**Student:** 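Please read through the structure below; I'll follow up with questions.
To find a chain, count down the sequence lines: A is the first, B the second, and so on, and within it residues start at 1. Keep in mind that what you see is a predicted model, and the values were worked out from it rather than measured.
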Amino acid sequence: MSEHIVSPKLYLGIILTLMVLTAVTVGAAYVELGPWNIVVALVIATLKATLVVLYFMHVRYSPGRTKLIVVAGVFWLGLLLFMTLADYATRSWY
Amino acid sequence: MHRTGELYGHFETLEQQRESASLGMWIFLITEVMFFGGIFLAYTVNRHANPVAFAMGSNTLDLKLGAFNTGVLLASSFTMAMAVWAGHTGKQKLITLFLILTLLLGGIFLGVKTVEYAAKFEHHLVPGSSFHIPAEDVSAAAAKADPDFAAHAQLFFSLYFGMTGLHALHMVVGAGLLIWLIRQSMQGRFTAKYNTPVEMVGLYWHFVDIVWIYLFPLLYLIDRRHK
Amino acid sequence: MSATESRPAEQFPEKHYLNADYGIRSWLLTTDHKRIALLYLVSVTFFFFIGGIFAGMIRLHLLTPKGALVSPEVYNRLFTMHGVAMIFFFLIPAIPAVLGNFFMPLMIGAKDLAFPKINLLSWYLYMIGGGLALFSFMSGGLDTGWTFYTPLSSVYSNSAVAPAVLGIFINGFSSILTGLNFLVTVHTMRAPGMTWFRLPMFVWANYATSIIMILGTPVVATTLALAGMERLFHLGFFNPQLGGDPVLFQHLFWFYSHPAVYIMILPAMGVISEIIPTFSRKPLFGYKVMAAASLAIAVIGFLVWAHHMFVAGQSTYAALAFSFLTMLVAVPSAIKTFNWTATMYRGSISFETPMIYAFGFLGLFLVGGLTGLFLGTLGVDIHVHDTYFIVAHFHYIMVGGAVMGYMGGLHYWWPKISGRMYPDTLARFSAVVLFIGFNLTFFPQFLMGYAGMPRRYHSYPPEFQVLNILSTAGATVLAVGYILPIIYLLWSLRYGPVAGRNPWPSTGLEWQTDSPPPTENFHVTPTVTWEAYDFENRPDLGLDKPLKTDDSGRGHD
Amino acid sequence: MQLQNSSILPEQASNFAGGVDALTLYILGTSLFFALLVVVLVVIFSLKYRRKKQTEIGVPVHGSVPLEIVWTLIPLVLAMVMFAWGAVIYMDFRRAPSDTLDVYVIGKQWMWKLQHTDGRREINELHVPVGRNVKLIMASEDVIHDFSIPNFRIKMDVVPGRYTTLWFRATKTGRYHFYCSQYCGTSHALMTGWVTVMEPAEYAAWLSGGAQDANPAGAGEKLFTQYSCNTCHLPTGKGRGPSLVGLYGSKVKLADGTTVQADDAYVRESILSPKAKIVAGYQPLMPSFQGLVTEEQVLSLTAYIKSLQAPAPASEAPAEAPHMGKK
Ligand code: HEA
Ligand code: HEA
Ligand code: CUA
Ligand SMILES: [Cu+2]
């Protein structure tokens, strides 16, 4: 399956990026952005998670089936969150 | 179910066995995603309902320790990835080395977590009968329109302990798996041809890392600006 | 059974999975999926009877408006424990863990599931969970309703909630591991030639079910864990007095528990999709559509959960969306119903016991499913929500549908499981008793429900008494219909005539091996060269060639 | 008790009943059609194609794409009609008209406490005039309950920690059972009562008779002083908080630019968590009264605020409406 062998150099690049992103997100937390603070924090977290999934977990080099599983998992989590929060968001509508 | 070498009797080939293990692991991780998903949802809804208490609770967490730990865990993911790489390239010594490094970093993470937990115990911020919020915090919160602050803060801390505790539990399981791998690896069981266990534990370890990648901003970062 | 008589008598195989090894250890430590299936068979039957006894007491109590049997406290415990035992410990594991476990590997030509040890672990988790539930039943019982709504369950109830919740939590992992095992098995363990579109529909059904199990069950596990912690440590995730929200619990609970109803019905649909072609000696009508419909039910089934909460205080617009999606999920079920009917068209239909059950399923599932449409419709649900109309709806679909399917499957595969035949006439008779008793029990409940009788009432206004008496009378008939099979199936183990490899005959791989099968399932790994349900090109079955396809030209597609 | 008439449907006694029953009959018709279709086909096939010879097999028909499409589309369309029709009824059910007679309902294990706007209290009984729009504003003191009136074809959960509302217009005088429909513990089955629908004149007589507590608006006025609300909310609007005169029913502009309808839920939220919605032009100074005031006191305060109507449009109150508040 994932017989593709990633070079340690790439891994090193990824981990450095992850560290930088961590520093960025900590810094951003102190900047007053109103509701955007949450968005920024979560976008950076998602970026980091994506890097881990694609490279450390080799999904980028994995067969379509693995990709499908990952996408399906994220999608279902999204369903749970989105559809429930949609209720809360629209409670006050008439 | 008899077994010949690495191959279990109900499989026809090693390739089939490897594929099954990998598929099984990925499916397992998806169930984990949904498992944590429920708590993340509970966190979101409760935070939305009690913004003041959650913001103040979040500010009691030690950001330096949290950020440090994030770095540690990311680094451990890196060493884990290197262990898998060493497996694929058949460098037996390196497998063991990287596994040990991963275990060490995981240990540091758990150690720091213990320090953080201990601080919370000291300040009576652990949900339960001894939970206590200083009176001035309560009145400060009441001024910000949350008279039931003590209860709501307790909610924050129960989610904090629930989420980080569940994460730590996963780390402990992961550490156990690493020890099991290290023992096998020292016996030279893993080769370029057979290293499925290393790869599988690797997937698990990265997943646990990802959970933390989200826990860190949600618990430590959001609402920092209020201080 | 008549087909058997015309064929040469077969011998009971000398060595098979049942006598491969002896002693209690050989069962409790087995990794043979067939033996694990039998462990499940015994345990789910046990819980069915526990639940059935509670049901009997419920019905007896409701004979009079004031309540004939027990105090309100006890009555509330009865229906809660009835629901918990039946849903979590009987019906959810029933078809997948018994029939699926036994037959999926056989049907795809594998030696076992992909992870035999995990399979055994699933059973142990089930037993631990079940043990905790029993412990809760015996140490004061449980009075929250099977839905565990907060803050009633987490703050106000004084019953043994914690052990029950923990039991269901642990049982959830059993379900997750079963689903995981099935998914991997279908992907990696198929015999040569067994392509995706040659899989029997029962395998597709279990595949779809497994998807629900792995994606839904973890969420109910977290939910119950949160509710349990809320109860034990006085936290407030769902308690408004401490800052939480009770409706959130309902969202989380139904996110699993609605899809869970499809965990119950999909495998039963799979069983029916095996039985109808076999006893019509004809391919399943619209094979690919049927497979797609199973997956569609599993996926769309995840989008409708809040139809249980139309009057629970969710937003108006969310209710609209969920009602809309509920209507969509009814469509694949409609497609399935029509395809089963069409499968019988121009078949060669015989009426052995499994087919009688399949007819029962079809009729009762129709009523249950169609009444689901009333509930999915917003305007009507505000009237019938939490009345006996709901009770009737779900018993029609779960008892009339899923349990009928389970019984049908048990009768269909019994010769393979045990190697022996049961008395067919008696079995058909008891299927008919079941059908009559069932309708007598639950049809009146539609009427009382629409007239306004709320569910979970230990006493009720006198105008509902006549209907309640009818319902109780029906339940006694129903009980007979469930006890008879136990008797004759056990009898057949010893005295039943030898069944032979393929008594009906049927096209699936599972019928190619001995009855009962050997431990390794097949003496030689089979290679599949035929399509599913293809009676036409199977000389080995000893059947005629089909009549000439007719002028309508619709012989093949 | 109302006896059922000869029809299979229970008595229809509200504006919703006819619509719900009509929709039920439509779904019933559709269902009967499909159920009969399938059953008749199964019977015909069973008779016509029953096995005649032991080794016979059926004609291998594999499927038909046009048929599949037909029996996908027909149910889909019929189900969409059900959805749309049901949605229309539901929207009506969720959106109360503005001219309602309000009754406050508090559910607790295991009784219903009801209070009319002029102070008349009832337990497990509800008196309403025929032909008037009535709105129940409901809260729970403990677990979730549900107020359900089958002859009106409506019900709504009563959820702790917030308000839910239920509205109807009774169309027939008489006594109708109401039930608690959400399982709420031991005596759930005893949490029932009767709605009495009366002629308006009779109703007015009933209202004025019987024990009458200080009306909630009056009680609310006392609380308004007791909790020093009046120190910030001056009727002139010159206080630290906005004037509450004429607030109820108006549209409020918020600091974040949105507007909200000032209904019961909004007033309740303003009292319990003022920070949630800040009125444009004001500082978030108001303290929360969460935990200080009980649900009943919130209801009284709300009733008082409601009674503070600007003097100008006095016309909207119908003649038989109970007068609200003083001056
Ligand atoms: C196996 C279990 C099972 C299954 C399969 C279903 C299937 C369906 N259920 Fe049911 N349901 C339950 C078990 C099940 N249900 C339980 C246990 C409860 C109560 C829980 C509790 O509160 O305790 C419940 C409650 C319940 C509610 C909540 C009611 C309330 O509390 O107010 C609703 C509302 O939408 C609903 C709808 C449906 C629908 C639309 C389907 C559909 O999937 C049905 C689809 C089938 C058909 C439609 C029949 C075949 C179709 C045709 C012949 C063609 C004609 C079709 C059309 C015109 C579309 N169900
Ligand atoms: C798979 C699920 C399943 C199954 C199979 C059944 C089977 C039956 N159920 Fe039930 N039921 C539920 C799931 C199920 N139920 C659920 C989820 C609820 C909701 C719970 C809640 O509200 O929380 C419910 C609620 C429920 C109620 C409503 C209680 C209330 O709201 O107050 C009633 C009332 O008639 C009822 C009756 C029955 C009957 C008569 C049977 C019969 O089919 C059972 C027949 C079987 C036997 C009778 C056992 C075999 C015979 C013996 C062991 C001999 C002894 C027999 C006697 C003494 C009669 N069930
Ligand atoms: Cu209150 Cu049921
Ligand atoms: Cu549902």
**Student:** Just give me the residue among D/Trp85, D/Tyr26, D/Phe83, D/Phe152 that pairs up with chain C most often, heavy atom to heavy atom, under 4.5 Å.
**Tutor:** D/Phe83

**Student:** Please state whether the side chain, the backbone, both or neither of C/Asn339 comes within less than 4.5 Å of a heavy atom of chain D.
**Tutor:** both

**Student:** Working note: D/Ser46 + C/Met344, criterion side-chain contact (heavy atoms from CB on, under 4.5 Å); need CA distance, chi angles, decisive distance, verdict.
**Tutor:** CA-CA 8 Å; D/Ser46 296; C/Met344 292 173 61; 3.5 Å; yes

**Student:** Contact part of C/Thr144 toward chain D, heavy-atom cut-off under 4.5 Å: side chain, backbone, both or neither?
**Tutor:**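 Just its backbone gets close to chain D.
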
**Student:** By a 4.5 Å heavy-atom criterion (distance strictly below it), what part of C/Ala330 contacts chain D: side chain, backbone, both, or neither?
**Tutor:**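 Neither part.
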
**Student:** So what's closer than 4.5 Å to chain C heavy atoms on D/Asp92: side chain, backbone, both or neither?
**Tutor:**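 Contact with chain C involves no heavy atom of D/Asp92 at all.
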
**Student:** Under a 4.5 Å heavy-atom cut-off, does chain D meet the side chain of C/Arg455, its backbone, both or neither?
**Tutor:** backbone

**Student:** So for C/Thr80, is it side chain, backbone, both, or neither that comes closer than 4.5 Å to the heavy atoms of chain D?
**Tutor:** neither

**Student:** What heavy-atom pair brings D/Ser181 and C/Asp386 nearest, and what distance separates the two atoms?
**Tutor:** O-OD2, 2.9 Å

**Student:** Run the salt bridge (Lys or Arg N to Asp or Glu O under 4.0 Å) test against C/Glu73 and tell me which residues pass, sequence neighbours left out.
**Tutor:**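 In terms of salt bridge (Lys or Arg N to Asp or Glu O under 4.0 Å), with neighbours along the sequence ignored, C/Glu73 is linked to no residue.
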
**Student:** Please flag which part of C/Pro283 lies under 4.5 Å from any non-hydrogen atom of chain D: side chain, backbone, both or neither.
**Tutor:** both

**Student:** Could you check whether the rings of D/Phe45 and C/Tyr345 sit parallel, tilted or perpendicular, using 30° and 60° as the cut-offs?
**Tutor:**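 D/Phe45 vs C/Tyr345 ring planes: tilted.
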
**Student:** Given heavy-atom pairs under 4.5 angstrom as the criterion, report whether the side chain, backbone, both or neither of C/Phe359 touches chain D.
**Tutor:** side chain

**Student:** Donor-acceptor pair, distance only, cut-off 3.5 Å: does the side chain of D/Arg162 make one with the backbone of C/Gly313?
**Tutor:** yes

**Student:** Identify which part of C/Ser459 has an atom lying under 4.5 Å from any heavy atom of chain D, answering side chain, backbone, both or neither.
**Tutor:** both

**Student:** Does D/Lys155 use its side chain to pair, donor to acceptor, with the backbone of C/His385 at less than 3.5 Å?
**Tutor:**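 Yes; at least one donor-acceptor contact below 3.5 Å.
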
**Student:** Go through D/Cys180, D/Gly19, D/Ser148 and name the one with the most non-hydrogen pairs under 4.5 angstrom from chain C.
**Tutor:**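 Option with the greatest count: D/Cys180.
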
**Student:** Taking all non-hydrogen atoms of both residues into account, name the closest pair between C/Thr316 and D/Met91 and its distance.
**Tutor:**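 Closest heavy-atom pair between C/Thr316 and D/Met91: CG2-SD, 3.5 Å.
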
**Student:** Determine the option with the most heavy-atom pairs under 4.5 angstrom with chain C, choosing from D/Ile89, D/Thr164, D/Ile27.
**Tutor:**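 Most pairs with chain C among the choices: D/Ile27.
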
**Student:** Against chain D, label C/Tyr149 side chain, backbone, both or neither, depending on which of its atoms sit under 4.5 Å from a heavy atom there.
**Tutor:**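 Only the side chain of C/Tyr149 comes within 4.5 Å of chain D.
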
**Student:** Top residue by heavy-atom pair count (under 4.5 Å) with chain D, among C/Ala334, C/Ser323, C/Ser153?
**Tutor:** C/Ser323

**Student:** Would you name the heavy atoms of D/Met156 and C/Val311 that are closest together and state the gap between them?
**Tutor:** CE-O, 3.6 Å

**Student:** Do D/His188 and C/Tyr457 make the cut of ring centroids closer than 6.0 angstrom?
**Tutor:** yes

**Student:** Considering only heavy atoms, which portion of C/Thr371 lies under 4.5 Å from any heavy atom of chain D: side chain, backbone, both, or neither?
**Tutor:** neither

**Student:** Parallel, tilted or perpendicular: which describes the rings of D/Phe34 and C/Phe338, with under 30° parallel and over 60° perpendicular?
**Tutor:** tilted

**Student:** The test is side-chain contact (heavy atoms from CB on, under 4.5 Å); show your working for C/His383 and D/Ile154 and say whether it passes.
**Tutor:** CA-CA 5 Å; C/His383 173 48; D/Ile154 49 168; over 6 Å; no

**Student:** Is there a donor-acceptor pair closer than 3.5 Å between any side-chain N or O of C/Arg346 and the backbone N or O of D/Val61?
**Tutor:**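 Side chain of C/Arg346 to backbone of D/Val61, a donor-acceptor pair under 3.5 Å: no, none is there.
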
**Student:** Output yes when a side-chain donor or acceptor of D/Arg51 lies under 3.5 Å from a complementary backbone atom of C/Ser348, and no otherwise.
**Tutor:**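 Answer holds: yes.
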
**Student:** Does any backbone or side-chain atom of D/Val42 lie under 4.5 Å from a heavy atom of chain C? Answer side chain, backbone, both or neither.
**Tutor:** both

**Student:** So, for D/Arg50 and C/Phe351, which heavy atoms are closest and what is the spacing to 0.1 Å?
**Tutor:**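 Residues D/Arg50 and C/Phe351, closest heavy atoms: CB-CE1, 3.8 Å.
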
**Student:** Are any side-chain N or O atoms of C/Asn76 and backbone N or O atoms of D/Thr186, one a donor and one an acceptor, separated by less than 3.5 Å?
**Tutor:**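 Yes.
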
**Student:** Between chain C and each of D/Tyr90, D/Phe93, D/Tyr163, D/Tyr183, count heavy-atom pairs under 4.5 Å; write down the option with the most.
**Tutor:** D/Tyr183

**Student:** Supply the atom-to-atom distance D/Thr72 OG1 to C/Ile335 CD1, rounded to the nearest 0.5 angstrom.
**Tutor:**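 Answer rounded to 0.5 Å: 3.5 Å.
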
**Student:** Check whether any side-chain heavy atom of D/Ile57 sits under 4.5 Å from a side-chain heavy atom of C/Lys282, and report yes or no.
**Tutor:** no

**Student:** If you tally heavy-atom pairs under 4.5 Å against chain C, which of D/Asp142, D/Ile44, D/Leu78, D/Val159 wins?
**Tutor:**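 The residue among D/Asp142, D/Ile44, D/Leu78, D/Val159 with the greatest pair count is D/Asp142.
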
**Student:** Does a side-chain heavy-atom distance below 4.5 Å link C/Leu328 with D/Leu76?
**Tutor:** yes

**Student:** Start with the C-alpha distance between C/Ile382 and D/Phe16, add both sets of side-chain angles, then the distance that settles side-chain contact (heavy atoms from CB on, under 4.5 Å), and finish with yes or no.
**Tutor:** CA-CA 10 Å; C/Ile382 52 181; D/Phe16 293 112; 5.6 Å; no

**Student:** What residue, out of C/Phe324, C/Phe535, C/Tyr287, has the most heavy-atom pairs lying under 4.5 Å from chain D?
**Tutor:**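 Ranked by heavy-atom pairs under 4.5 Å with chain D, first place is C/Phe324.
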
**Student:** Measuring heavy-atom distances to chain D, does C/Glu531 have an atom under 4.5 Å in its side chain, in its backbone, in both, or in neither?
**Tutor:**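 Nothing of C/Glu531, per the 4.5 Å heavy-atom cut-off to chain D.
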
**Student:** What part of D/Gln182 gets closer than 4.5 Å to chain C, counting heavy atoms only: side chain, backbone, both or neither?
**Tutor:**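 Backbone plus side chain of D/Gln182, per the 4.5 Å heavy-atom cut-off to chain C.
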
**Student:** I need the contact set between residues 360-368 of chain C and chain D: heavy-atom distance under 4.5 Å, sorted by residue number.
**Tutor:** C/Leu362, C/Leu366

**Student:** Apply side-chain contact (heavy atoms from CB on, under 4.5 Å) to D/Arg153 and C/Tyr450, showing your working.
**Tutor:** CA-CA 9 Å; D/Arg153 307 288 189 277; C/Tyr450 202 80; 4.1 Å; yes

**Student:** Could you report the tightest heavy-atom contact between D/Gly185 and C/Leu152, atom names first, then the distance?
**Tutor:** N-CD2, 3.8 Å

**Student:** Pick one of side chain, backbone, both or neither for C/Pro277, based on which atoms fall under 4.5 Å of a heavy atom in chain D.
**Tutor:**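 Neither part; nothing is under 4.5 Å.
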
**Student:** Output the option from D/Ala87, D/Pro160, D/Gly161 having the highest count of non-hydrogen pairs under 4.5 Å with chain C.
**Tutor:**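 The option with the most such pairs is D/Pro160.
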
**Student:** What part of C/Phe446 is in contact with chain D, defined as an atom under 4.5 angstrom from a non-hydrogen atom: side chain, backbone, both or neither?
**Tutor:** neither

**Student:** Closest approach of C/Leu378 and D/Gly86, non-hydrogen atoms and distance?
**Tutor:**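 Between these two residues, the closest heavy atoms are CB-O, 3.7 Å.
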
